[in-house]
Amino acid sequence: MTDLPLLGAAMPLDTLDSLRDWILADHRDLELQDFIDAEVLNGDWQPQVARARALLDGYEGRLGIHGPFWGLSLANPDPDLRALVTRRMGQGLSVCAALGATQMVIHSPYSTWDYNNLDNYPDARDRMVALVHDTLDPVIAQAEDAGVTMVLENIEDKDPDARCLLADSFSSPAVAVSIDTGHAQYAHGSTGAPPVDYYVHRAGNRLRHIHLQDADGYADRHWAIGQGTVNWHAVFAALAPLTSRPRLIMELRDPAGILPSRDWLEAQGLAR
């Protein structure tokens, strides 16, 4: 049974308070989601960091956070707004340093509109990449010094490759790739994108993080594994040969119900 994947989870501190024993028993990968809002980042977040460190006393797993994203585009064309996005990214990285977290999830700038129009305008692809560099280049050294990898999560991405090539363009260990299975399933069902396992294949060993959530191809459901239409056999088969050891993070609408049923896991050959 040791070859089965060990699933981690994303949750706020209030949920960690109740699931702490489950996380610490196997030192599962953990993603804290308390540091996404401007109100938190602009305020005194040190008490939340102290609470997290106390809850995680003795924890030896891989810790990350979900970085800020509300209203923030990494490719914002307005230089004043782009400076704000850079500041938010720096605030998130400061939280990581205080927590000892080594990963921060950030959102891809690519939309469905981009998929249909990036080749409709001269140099649009290069401009998109240049804008993201204008946003992230000022914090790359901060991330590298803190040992934090910013992982680019697909949101509306219809093209599995664009985000991967964007990550490659930084030539830095501070930028890698994330996949959200529910977002990919939405794109597959609603915009004609490839199926979820194709996103995994295309990312390959660039992949350092994956949000595991089930969906129906229509909306961003964040259902428990097995409740939607994601082909999990194909997804885990695509993950199996990777040597990048991506963090397998269950991200559910109700994190208190994070555990899929034992019967379903056994039926999929994933029980652990």
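For this chain, numbers begin at 1 and follow the sequence in order. Here the structure is a predicted model, which means the values were calculated and not measured.
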Considering only distance and modelled atom types, tabulate donor-acceptor pairs under 3.5 Å from the side chains of residues 5-14, sequence neighbours left out.
| unit_1 | atom_1 | unit_2 | atom_2 | d |
| --- | --- | --- | --- | --- |
| D14 | OD1 | R51 | NH1 | 3.0 |
| D14 | OD1 | R51 | NH2 | 2.9 |

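Panel note: side chain T229, backbone A215; a donor-acceptor pair is recorded below 3.5 Å. Checking side-chain atoms of D216 against main-chain N and O of Y218 turns up a donor-acceptor pair under 3.5 Å. Remark: side-chain polar atoms of N154 are not paired, donor with acceptor, to backbone N or O of D157 under 3.5 angstrom. At least one donor-acceptor pair closer than 3.5 Å links the side chain of Q103 to the backbone N or O of R208. The main-chain N or O of D161 is never found under 3.5 Å from a side-chain atom of R202 such that the two would form a donor-acceptor pair. Looking at R28, its side chain never comes within 3.5 Å of a backbone N or O of L248 through a donor-acceptor pair. Of the possible polar contacts, none joining the D168 side chain to the L165 backbone as a donor-acceptor pair under 3.5 Å is found. No donor-acceptor distance shorter than 3.5 angstrom exists from the side chain of T102 to the backbone of T149, with no hydrogens or angles considered.
Under a cut-off of 6.0 angstrom, the local environment of OH in Y198 is sparse, with at most 12 non-hydrogen atoms contributed by other residues, nucleotides or ligands.
With a 4.5 Å cut-off on side-chain heavy atoms, D34 and V40 do not count as touching. Between Y59 and L30, some side-chain heavy-atom pair lies under the 4.5 Å cut-off. Within the 4.5 Å cutoff, the side chain of V85 has heavy atoms near those of the L74 side chain. Using a 4.5 Å heavy-atom cutoff, the side chains of L166 and M128 are not in contact. Proximity of L32 to L16: side-chain heavy atoms (C-beta onward) are separated by under 4.5 Å at one or more points. Contact annotation: the side chain of L207 approaches that of L239 to within less than 4.5 Å [non-hydrogen atoms, C-beta and beyond]. Between I106 and V151, every side-chain heavy-atom pair lies at or beyond the 4.5 Å cut-off. Between L212 and W232, some side-chain heavy-atom pair lies under the 4.5 Å cut-off.
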_Pair D214-R221, salt bridge (charged side-chain N to carboxylate O under 4.0 Å, His left out): steps then yes or no_ = CA-CA 7 Å; D214 219 334; R221 300 295 193 178; over 6 Å; no
*Should R247 and S178 be marked as a side chain to side chain contact (heavy atoms under 4.5 Å, CB included) after you check the CA-CA gap, both sets of side-chain angles, and the distance that decides it?*
CA-CA 9 Å; R247 304 183 191 191; S178 166; over 6 Å; no
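With Q213 as the fixed residue, the side chain to side chain donor-acceptor pair (under 3.5 Å) test singles out one of H222, R253, Q185: H222.
Checking E251 against H66 by side-chain atom types alone, no donor-acceptor pair falls below 3.5 Å.
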